[in-house]
Structure formats: C-alpha cells, structure tokens
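A short write-up of the structure that comes next.
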Amino acid sequence: MAEISLTDVALGDDRQKVLRRFTLADVLFHRSTQAAAILVLVILGGVMMSLVVGSMPAIRAFGFGFLTTESWNPVTEKFGALAPIYGTIVTSLIAMLIAVPLGIGIAIFLTELCPPMFRRPIGIAIELLAGIPSIIYGIWGFFVFAPFLQQTLQPWLINATKHIPVLSSLFAGPPYGIGILTASLILAIMVLPFITSITRDVFETVPPVLKEAAYGVGCTTWEVVKNVVLPYTRIGVVGGIMLGLGRALGETMAVTFVIGNAHRISESLLQPGTTISATIANEFTEAIGDVYTSSLIALGLILFIITFIVLACARLMLLRLEKMSGG
Amino acid sequence: MDLYAGRRVRNKIYMTLSLAAAVIGLGWLVLILGALLWNGFAGLSLAVFTESTPPPPGNGGGLANAIVGSLIMTGIAVVIGTPIGILAGTYMAEYGRHTTLTTVVRFINDILLSAPSIVIGLFIYELFVATMGHFSAIAGAAALAVIVIPVVVRTTEDMLLLVPNQLREASSALGAPRWLVIRKVAYRAARAGMTTGVLLAIARISGETAPLLFTSLNNQFWSTNLNAPMASLPATIFSFALSPYEGWQQLAWSGALLITFAVLSLSIAARILTSRSGS
C-alpha cells in the first residue's frame with residue numbers, strides 16, 4: 001500500500017482514520033473470503049437440490065419402481081433406470097478390473113524398477129495424459145478402436161468361448177464393434193493414467209528406511225513390494241482406486257461414443273448397452289415432455305448419489321493416509 | 001537352495017509382469033496420441049481457423065466459430081470462477097485454517113473436484129436454461145465456472161499453506177493488518193502456484209463436453225451473442241464425429257488435435273511455472 005506513508009502514521013487524527021480503514025478492510029476481506037468458502041457448499045447443495053426438484057415429476061410418476069424397471073419407452077412415457085444403472089456399474093467394474101492391476105504394475109515399475117533417468121519423464125508423461133479430455137478417448141474409440149475390435153478381438157472371443165457354458169453367453173452374438181466391452185476398455189485406458197499417478201504418489205510416501213531394512217534382510221523386490229510397500233500404502237491405494245472408480249462411473253464422453261445407447265440388459269458383453277451418463281448426453285436435448293426430461297434428471301440424481309458415496313469414501317481413506325504420514 | 005531359486009523366480013515373474021504393465025499401458029496411450037496426430041494433422045489447414053463450420057455434407061469450412069465460442073466461454077468461466085476460488089482458498093488457508101467450516105469445505109470441494117461433469121450440466125440446465133427458457137452461452141460459461149472453482153480452491157489453499165508462517169509473522173509485527181499481509185505477502189509468495197491452479201483449471205475446462213451439451217448447446221453459425229446458443233470445440237467434435245459425412249469427421253479429428261494441443265501446452269506451462277518457483 002503505497003498511500004500509507006510515514007507522515008500519515010505520525011499524525012494522530014489521520015492515524016486513527018487509517019487504522020479504522022484497515023479494520024474495516026480486514027473485516028470486509030475476511031467476510032468475502034468466508035462467503036466464497038460457503039459458496040462452495042452452496043454449489044454442492046444447489047446441485048443436490050436442483051436434481052431432486054428436477055426429478056420430482058419422474059419420482060411421482062414411477063416411484064421406487066423407477067430403479068427396478070428395465071423398459072425405457074419415450075412413446076408411452078414409461079421409464080425405468082435399471083438398464084443405465086446396470087451399464088454404468090458393469091462398464092466401471094470391468095474397467096477397474098483391467099486398469100487397477102495395470103496401474104499398480106506401472107506404479108511398481110516406476111518406483112522400484114525404472115532406471116532413475118527415465119523415472120521423471122515417464123511420471124510426467126503419465127500425469128500429462130491424465131489431463132487429456134475424455135472426448136479424445138471417445139473419438140479414438142469410435143473411429144479406431146471399435147472397428148479394430150470388431151475385426152479382431154470380438155470374433156476371436158466369440159469363437160473361443162463358443163463351447164464354454166457361462167462364457168459363451170457372456171461373449172455371444174455378432175461382433176458390433178461398439179458395446180459394453182468396448183466402452184469398458186476405453187474407460188480402462190482413460191482411468192489408467194489417473195490410477196497410476198495416484199498409486200505412484202502413494203507408493204512414494206513409504207519411508208525409504210522401511211524398504212531398505214527389508215532389502216537389508218535379503219528380500220527380493222517383489223517381496224519388498226508385497227510385504228512392505230503394499231501393506232503400508234493399502235488405504236491410500238484403495239482410496240486412489242475409489243477415486244478412479246468415481247471418475248469411471250461419471251465418465252460421459254469416452255463412453256457415449258462407443259456404448260451403442262440401447263436401453264436393455266443383455267447377457268452378452270458384446271451387445272450395445274447404455275450408461276447413465278451416456279443416456280443423459282444422448283437424449284437430454286431431444287427429450288420432449290416433462291416426464292421424459294425429469295426421468296433423465298432422475299438418472300443424473302442417481303449417478304450423483306452413487307459417485308458422491310464412492311468419492312466420499314475415497315477421500316476419507318486418503319485423508320486417513322495423510323494423517324498417518326503426517327503424524 | 002530351492003527356496004532361494006523359487007523366490008528369485010517369483011520375483012522375476014512379478015517384475016516382468018510389472019514391466020509388461022508399463023509397456024502395455026504406455027504403449028496404449030502412445031497409440032491413441034499417434035492416431036490423434038495422424039488423423040488430426042491430415043485435415044489441419046488455415047481454413048480450420050478462419051472459416052465457420054460447414055453445412056452438410058460438410059465439405060470445406062473450418063472450426064472458427066467453435067474455436068471462438070470455446071475461447072469466449074472459457075474466458076468468462078475463468079473470470080467468474082477464479083476470484084471465487086481464490087477467495088475461498090484464502091479463507092481456508094488464512095482466516096479459518098482450523099475451523100470446522102474449512103474442514104467441511106475442503107471435503108465438499110474435493111468431491112466437487114471429481115464430481116461427474118454431466119451432473120453439473122444438469123444443475124446449470126435447471127438453474128439457467130429451464131428458467132430462461134432457452135440455451136445460452138452464459139449458461140455454458142456458468143457450468144464451466146462451477147468446474148473451475150474447485151480446482152482453484154484446491155491449489156490456492158495448498159499453495160498458501162506452503163507459505164512459511166514467519167513471513168506472515170514478520171509483516172504482522174510491522175503492523176500490517178491481516179488482509180494486507182495476505183495480499184502483499186502470502187499471495188506474492190504463492191503467486192506461481194496459484195497461477196498454476198488457474199492454468200490447470202483452464203486445461204480442465206477446455207476439453208469439457210458433457211456440461212456444454214445442454215447449456216450452450218451448439219451453433220452452426222458464427223455467433224458471439226452470449227444470450228444465444230454458442231458453438232464450442234468439444235460439442236462440435238461430438239456432433240461431427242457421429243455424423244455420416246467425411247468432411248465433418250475430418251473436422252472433428254482436427255478439433256480433437258487442437259484441444260489436446262491446448263490442454264497439453266497449458267499443463268506443461270503450469271509444470272514449468274511450479275518447477276521454476278519451487279526451486
């Protein structure tokens with residue numbers, strides 16, 4: 001503050017004035033920062049409120065049955081959320097099944113195996129990739145990956161599992177290219193950098209002394225990872241996985257391109273399906289009538305509640321880890 | 001000796017698996033970037049930046065209106081979101097460091113940070129579009145601002161917490177009031193980190209598609225009217241990629257390349273900024 005020169009301070013009256021101005025400014029600044037902090041809470045409350053209000057017509061029309069009905073018929077205005085909920089959960093779970101072992105594997109590679117020279121560049125590359133918008137993964141999946149799967153992996157899967165009882169129905173039917181499996185694979189690629197960078201960060205919180213002690217008594221690298229690193233970071237890794245899961249559940253663009261948007265639950269993973277977010281993205285602007293729009297908002301509410309729970313658990317776990325390593 | 005051999009073999013197996021994971025994971029991502037560069041550059045020309053999106057069947061034309069639309073909405077979102085985010089972060093790190101409010105806000109903010117962006121789109125739809133009765137660029141910018149805020153809150157708080165307390169104590173001892181200490185000392189010390197936060201927020205929203213689909217919608221024509229639907233790069237990519245016209249699909253690839261390029265350069269800039277000030 002250039003205007004507060006020494007002469008101001010020296011003069012009694014002016015000094016009073018300056019002090020009063022200082023106090024006033026301090027109160028103002030304090031209150032405005034506090035208001036902004038409260039606004040963050042208001043936003044979350046607003047999201048919740050608007051979704052609840054918006055989905056009221058659908059809740060009134062279908063009640064609890066909304067969650068357990070598979071049919072989605074805009075013509076007769078009968079809507080049920082079961083197919084999108086199923087699709088969301090199945091695609092996310094398959095994605096996590098693929099991305100978690102890969103992510104942990106890469107994190108082990110980065111923290112234990114990788115020559116120090118490459119450690120930083122690879123780590124940075126992964127962090128940069130985690131920031132690439134999901135629509136990029138979506139467009140790649142649609143133009144490159146889905147046609148590729150249609151010609152290679154899917155026919156092979158159908159043939160290879162033809163005579164195996166459970167698997168044959170899991171991988172039944174014509175290879176469309178798009179479908180639940182393709183969406184899951186794209187999701188896996190998308191959350192991979194995310195899970196990797198969190199897991200790596202968590203692995204790096206292990207005190208070197210612990211690892212050195214284990215190496216000192218003759219452990220192999222794998223034994224150090226299994227007996228020291230993983231137990232020490234268990235909570236953090238699970239927290240990171242849950243964060244990734246939260247991301248996968250709510251992911252829209254990467255999935256919308258390749259899921260096929262079919263409101264049915266089919267046994268086969270090769271058939272088109274839909275997820276909550278893909279349904280909203282595909283149909284919201286075309287929805288006519290209150291019940292249709294409101295059903296889509298109700299889907300959004302369900303998605304929000306699911307992700308809220310998952311993310312809250314993830315944060316609580318990571319928080320516990322922070323306390324552990326901080327204390 | 002058998003025991004040792006077994007352990008060594010097991011170690012070999014798992015380490016090979018870990019190496020394979022790294023190769024598969026990174027290779028996959030390289031494949032995506034490769035396809036993006038290959039297809040994106042194929043259609044990149046001056047026209048992409050100077051001409052508006054073409055009508056069907058989509059020959060010629062460019063993405064000028066979508067690029068400008070994205071810039072306008074991103075700009076407004078940052079102008080709205082940054083001050084709110086910085087103020088909230090300031091409260092959490094400076095005035096209310098140990099209050100319950102801070103703990104709650106930190107928790108909620110972390111959830112907002114990774115909340116599905118399509119839900120935020122629905123929220124803004126209910127708040128703006130449903131009440132105004134039409135889609136508008138303002139609604140799109142508001143949705144993006146809601147995404148900016150948690151990113152900026154998080155980095156601002158983190159960066160201010162890194163500022164050594166002695167700096168604050170020293171300036172307080174000189175008689176500076178709290179707001180002056182924060183603005184002249186804490187902000188200055190944390191400036192690089194806070195700028196990084198804003199850059200990361202811009203990177204985050206420049207590729208966001210879901211919240212724009214039903215707030216700013218899309219617009220095939222040149223428009224800078226904030227009260228009307230506005231084109232944006234992500235929304236244009238979405239509709240063009242799913243179209244049957246080859247010209248449109250090509251433009252979608254070029255747009256995807258532009259977004260990736262923007263996002264990567266922003267994140268790299270942010271990284272350089274932190275590493276410079278951090279040393």
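Throughout, a chain's letter reflects where its sequence line sits, starting with A, and its residues are numbered from 1.
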If I compare all heavy atoms of B:Ala143 with all of B:Ile124, which pair ends up nearest, and what's the gap? CA-CG1, 3.5 Å

Most contacts with chain B, counted as non-hydrogen pairs under 4.5 angstrom, among A:Ile106, A:Thr220, A:Asp26: A:Asp26

What part of A:Ile108 is in contact with chain B, defined as an atom under 4.5 angstrom from a non-hydrogen atom: side chain, backbone, both or neither? both

With only heavy atoms counted, which part of A:Leu299 is less than 4.5 Å from chain B, the side chain, the backbone, both or neither? neither

Which atoms of B:Val153 approach chain A - backbone, side chain, both or neither, heavy atom under 4.5 Å: side chain

Just give me the residue among B:Val146, B:Leu17, B:Leu101, B:Ile13 that pairs up with chain A most often, heavy atom to heavy atom, under 4.5 Å. B:Leu101

Which of the residues B:Arg271, B:Glu94, B:Lys12 is involved in the greatest number of heavy-atom pairs with chain A at under 4.5 angstrom? B:Arg271

A:Ser55 side chain vs A:Ala58 backbone, donor-acceptor pair below 3.5 Å: no

I need the residue from A:Leu129, A:Leu19, A:Ile126 with the largest number of non-hydrogen atom pairs under 4.5 Å to chain B. A:Leu129

I'd like to verify something: which residue of B:Thr209, B:Ile237, B:Leu257 has the highest number of heavy-atom pairs under 4.5 Å with chain A? B:Thr209

Do side-chain atoms of B:Thr102 reach the backbone of B:His98 as a donor and acceptor pair under 3.5 angstrom? no

Decide side-chain contact (heavy atoms from CB on, under 4.5 Å) for A:Ile136 and A:Met253; before the verdict, give the C-alpha distance in whole Å, the side-chain angles of both, and the deciding distance to 0.1 Å. CA-CA 9 Å; A:Ile136 308 296; A:Met253 298 326 287; over 6 Å; no

Show the numbers, then the answer: is there a side-chain contact (heavy atoms from CB on, under 4.5 Å) between B:Val151 and B:Leu113? CA-CA 6 Å; B:Val151 182; B:Leu113 199 60; 3.8 Å; yes

Is atom OH of A:Tyr215 surrounded by more than 12 heavy atoms (other residues, nucleotides or ligands) closer than 6.0 Å? yes

Of all heavy-atom pairs between B:Val148 and B:Ala201, which one has the smallest distance, and what is that distance? CG1-CB, 4.0 Å

Pick from A:Tyr137, A:Phe304, A:Trp140 with the largest number of heavy-atom pairs that fall under 4.5 Å of chain B: A:Trp140

Where on A:Thr221 is there a heavy atom nearer than 4.5 Å to chain B: the side chain, the backbone, both, or neither? both

Under 4.5 Å from any heavy atom of chain B, what part of A:Leu128 do you find: side chain, backbone, both or neither? both

Honestly, the part of B:Ile86 sitting under 4.5 Å from a heavy atom of chain A is neither

Please look at B:Ile32 and chain A and tell me whether the side chain, the backbone, both or neither of the residue comes under 4.5 angstrom of a heavy atom of that chain. both

A:Asn227 atom CG: more than 12 heavy-atom contacts under 6.0 Å: yes

Using every non-hydrogen atom in the two residues, find where B:Trp253 and B:Ala35 come nearest and quote the distance to one decimal. CZ3-O, 4.1 Å

Does the gap between the ring centers of A:Phe29 and B:Trp179 come in under 6.0 Å? no

Chain A contact via B:Ile84 - side chain, backbone, both or neither, heavy atoms under 4.5 Å: both

With a 4.5 angstrom heavy-atom cut-off, could you sort out which part of A:Leu102 is near chain B: side chain, backbone, both or neither? both

Contact origin within A:Leu192 toward chain B - heavy atom pairs under 4.5 Å: side chain

Is it the case that over 12 heavy atoms from other parts of the model lie below 6.0 angstrom from the CZ atom of A:Arg120? no

With respect to chain B, which residue among A:Ile38, A:Val53, A:Ile124 yields the maximal number of heavy-atom pairs within a distance under 4.5 Å? A:Ile124

Give me the atom names and distance for the closest heavy-atom approach of B:Ala115 to A:Leu311. N-CD1, 4.0 Å

Ring centers of A:Phe257, B:Phe238 separated by less than 6.0 Å: yes

Under a 4.5 Å cutoff for heavy-atom pairs, which residue among B:Gly96, B:Ala88, B:Pro234, B:Gly207 has the most contacts with chain A? B:Ala88

Can you tell which part of A:Val144 gets under 4.5 Å to a heavy atom of chain B, answering side chain, backbone, both or neither? side chain

Select one option (side chain, backbone, both, neither) describing which atoms of B:Val105 are under 4.5 Å from chain A's heavy atoms. both

What part of B:Leu36 lies closer than 4.5 angstrom to a heavy atom of chain A: side chain, backbone, both or neither? side chain

Between A:Ala254 and A:Val258, what is the shortest heavy-atom contact and its length? O-CG2, 3.6 Å

Given heavy-atom pairs under 4.5 angstrom as the criterion, report whether the side chain, backbone, both or neither of A:Leu249 touches chain B. neither

Max heavy-atom pairs within cutoff under 4.5 Å with chain A, candidates B:Val119, B:Asp110, B:Val263, goes to B:Asp110

Partner chain A: residue of B:Ile108, B:Ile118, B:Thr90 with the largest heavy-atom pair count (under 4.5 Å): B:Ile118

Side chain proximity check, A:Phe194 to A:Leu243, heavy atoms < 4.5 angstrom: yes

Return the minimal non-hydrogen interatomic distance between B:Thr196 and B:Ala270, and the atom names on each side. CG2-CB, 3.5 Å

Select one option (side chain, backbone, both, neither) describing which atoms of A:Ser134 are under 4.5 Å from chain B's heavy atoms. neither

When only pairs under 4.5 Å are counted, which of A:Ile139, A:Ile132, A:Thr307 shares the most heavy-atom pairs with chain B? A:Ile139

Is any side-chain heavy atom of A:Phe284 closer than 4.5 Å to a side-chain heavy atom of A:Ile297? yes

Note: vs chain B, highest number of non-hydrogen pairs under 4.5 angstrom among A:Gly141, A:Gly250, A:Gly218, A:Gly105 is A:Gly105

Let me know if A:Leu39 has heavy atoms under 4.5 Å from chain B in its side chain, its backbone, both or neither. side chain

At a heavy-atom separation under 4.5 Å, does A:Thr252 approach chain B through its side chain, its backbone, both, or neither? side chain

